[in-house]
Amino acid sequence: MSAPLANQPDVISLGCRLNIAESEKLRAMLPEDENVVVVNSCAVTNEAVRQTRQAIRKARRARPDARLIVTGCAADIEREQLADMPEIDGLISNQSKLDPRAWNLPSDHAPLAPTKTRAFIAVQNGCDHACTFCIIPQGRGTSRSMTIAEVLREVERHLELGAREVVLTGVDVTSWGHDLPGTPPLGALVGAILDRFPQLVRLRMSSLDGIEIDESLFELFASEPRLMPHLHLSLQHGHDLILKRMKRRHLRGDAVDLVQRLKARRPDIAIGADLIAGFPTETPEHHQANLSIIRELDIVHGHIFPFSPREGTPAARMPQQPRALIKERAAELRALAAETRTRWLNSLVGEPLQVLAEGDNSGYSESYARVALPSGTERGTILTITPTAHEKGLLQ
């Protein structure tokens, strides 16, 4: 993507897929001639806050004459600290950032972001849970769901603009519907989208809490070819005691059972997971359980996070591990996750894959493997590619 011109709006997105979806809406909403830079921040870890501050300073150096506004989770959670940064001209709360009025625009000024390949649709925001390590509910508020009708309207508009793939995202996607009349399950929303839009080629889910995957959603994952065979679990750890201290709602056996049942029905499903290394009180035995869950679930999309205490969370008050030990355990988890992923990618060599083209002569298969494409392939095209090799994470 080319850099924005001077005197035009720029939105810098940090953090999760939900932020990416919201940033696209912000880009579409801001007037084309407005000299403003927006940093859509993240505060999930101390490192995320550091990167936010770094992005703010870099943006100010790049655009010294622009108005620099910070929104996102850090704008709420780290408000006082960010307010002291001389580079910043203003802060807009996370819950107000998609309200045109917060940007001095008419209340009905909310155009849809242009779509080129895939559309990220935030069907849910906020979180009602209280995981001991997580600060995000303080920045996102309580769980709020779009209605099925609202989601269908947004999917329809993205399809009209050319989207080939729709990704449903949110802070806690599997809590979608809990605040709606009749508390419909997430599977009802996914089923409604697939029923309403037979022309939708690919529907993908972002990170899910496995314990809340309802039976209707399970059946769709198991049998619906347009729901991509790619399940990313908000797992966090592989040992029951640590999961309890994290105040998670699942145990190791719940994740194992879910994945085994899915793979029995749909063997090609690719499993991803978030795992935290070095949580307070984690023993060598607990760490070994974290390593073994990668093997047992065959996690090929592993996201490894070294534990970082966030002030204001219960986990920050627990006995902490030495930073060097946390880094060491994170490195071991990453090495095993990389080994598992490499073995999976090698298994795809020689297999015909349906690949959705991005704009960089590569694209993603249905199971989210990155695949090289012929030079000049038009973005948004879906091709059948049979890779002959795998090099540095790219099937070729």
Is any side-chain heavy atom of [X] less than 4.5 Å from a side-chain heavy atom of [Y]?
X    : Y    : result
R329 : P284 : yes
H129 : S143 : no
V151 : E154 : no
T313 : C134 : no

Using modelled atom types only, decide if a donor and an acceptor are shared between the side chain of [X] and the backbone of [Y] within a distance under 3.5 Å.
X    : Y    : value
T45  : S308 : no
R202 : L227 : no
Q124 : V171 : yes
N361 : G376 : yes
S145 : W176 : no
R50  : N46  : no

For the residue pair P100 and L98, what are the closest heavy atoms and their distance?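 In this case the closest contact between P100 and L98 is CD-O, 3.3 Å.
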Ignoring hydrogens, what is the shortest heavy-atom contact between G187 and D214? Give both atom names and the distance.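 Residues G187 and D214, closest heavy atoms: N-OD1, 3.0 Å.
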Indicate whether the side chain of [X] and that of [Y] have a donor and an acceptor atom separated by less than 3.5 Å.
X    : Y    : value
S234 : R248 : yes
S13  : S23  : yes
N35  : R63  : yes
D128 : H178 : no
R144 : S175 : no
R295 : T340 : no

Let's go through V70 and V38 carefully: what are the C-alpha distance in whole Å and the side-chain angles of both, what is the deciding distance for side chain to side chain contact (heavy atoms under 4.5 Å, CB included) to 0.1 Å, and is it a yes or a no? CA-CA 6 Å; V70 178; V38 179; over 6 Å; no
Could you walk me through whether T281 and R245 pass side chain to side chain donor-acceptor pair (under 3.5 Å), step by step? CA-CA 9 Å; T281 76; R245 288 174 178 166; 2.7 Å; yes
Is R261 positioned over the aromatic face of F218, cation under 6.0 angstrom from the ring centre and no more than 45 degrees off axis?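 Yes, R261 sits over the ring of F218.
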Please check if L180 and L152 belong to a single hydrophobic cluster, counting links between Ile, Leu, Val, Met, Phe, Trp and Tyr side chain heavy atoms closer than 4.5 Å.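 Per the 4.5 Å side-chain linkage, L180 and L152 are co-clustered.
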Just verifying a value: how many Å separate [X] [atom1] and [Y] [atom2], rounded to the nearest 0.5 Å?
X   : Y   : atom1 : atom2 : result
K58 : Q54 : NZ    : CD    : 7.5 Å
E22 : N40 : CD    : CG    : 6.5 Å
E87 : L82 : CD    : CG    : 10.5 Å
E34 : L30 : CD    : CG    : 6.0 Å
T71 : N19 : OG1   : CG    : 8.5 Å
D99 : K97 : CG    : NZ    : 13.0 Å

Please evaluate residues I293 and V256 with respect to the criterion side chain to side chain contact (heavy atoms under 4.5 Å, CB included), reporting the C-alpha separation (whole Å), side-chain torsions for both, the decisive distance (0.1 Å), and the verdict. CA-CA 8 Å; I293 198 72; V256 171; 4.0 Å; yes
Would you call the rings of F305 and H303 parallel, tilted or perpendicular, taking 30° and 60° as the class edges?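 F305 and H303: perpendicular rings.
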Should the pair [X]-[Y] be classified as a salt bridge under the 4.0 Å nitrogen-to-oxygen rule?
X    : Y    : result
E78  : R310 : yes
R379 : D360 : no
D209 : R249 : yes
E358 : R370 : no
R27  : E24  : yes

Counting only heavy atoms not in E160, do more than 12 sit closer than 6.0 Å to its CD atom?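 Result for CD/E160: enclosed.
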Can you tell me if CD on Q199 sees more than 12 non-hydrogen neighbours from other groups inside 6.0 Å?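 Atom CD in Q199 is crowded, with more than 12 foreign heavy atoms closer than 6.0 Å.
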Residue among H286, H287, E282 satisfying side-chain hydrogen bond (donor to acceptor under 3.5 Å, both in side chains) with H237: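 Filter result, single survivor: E282.
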For the pair E339 and R334, evaluate salt bridge (charged side-chain N to carboxylate O under 4.0 Å, His left out) and give the outcome as yes or no after the intermediate values. CA-CA 8 Å; E339 177 187 318; R334 287 185 179 126; over 6 Å; no
Given salt bridge (charged side-chain N to carboxylate O under 4.0 Å, His left out), test E165 with R204 step by step and report yes or no. CA-CA 7 Å; E165 179 175 298; R204 193 181 298 277; 2.9 Å; yes
Applying side chain to side chain contact (heavy atoms under 4.5 Å, CB included), run through L251 and I211 and close with a yes or a no. CA-CA 9 Å; L251 298 175; I211 200 68; over 6 Å; no
Please evaluate residues R118 and Y364 with respect to the criterion side chain to side chain contact (heavy atoms under 4.5 Å, CB included), reporting the C-alpha separation (whole Å), side-chain torsions for both, the decisive distance (0.1 Å), and the verdict. CA-CA 11 Å; R118 67 173 54 85; Y364 287 94; 4.0 Å; yes
Passing candidate, side-chain contact (heavy atoms from CB on, under 4.5 Å) with H250, options L243, L258, D240: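 In the set L243, L258, D240, the residue that makes a side-chain contact (heavy atoms from CB on, under 4.5 Å) with H250 is L243.
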Of N346, T388, V349, I385, the residue whose pairing with L395 passes side-chain contact (heavy atoms from CB on, under 4.5 Å):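 Single pass found, and it is V349.
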Centroid-centroid distance, H232 to H301, less than 6.0 Å: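 That pair fails the under 6.0 Å test.
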List the steps, then state whether side chain to side chain donor-acceptor pair (under 3.5 Å) holds for E351 with T386. CA-CA 5 Å; E351 296 292 328; T386 302; over 6 Å; no
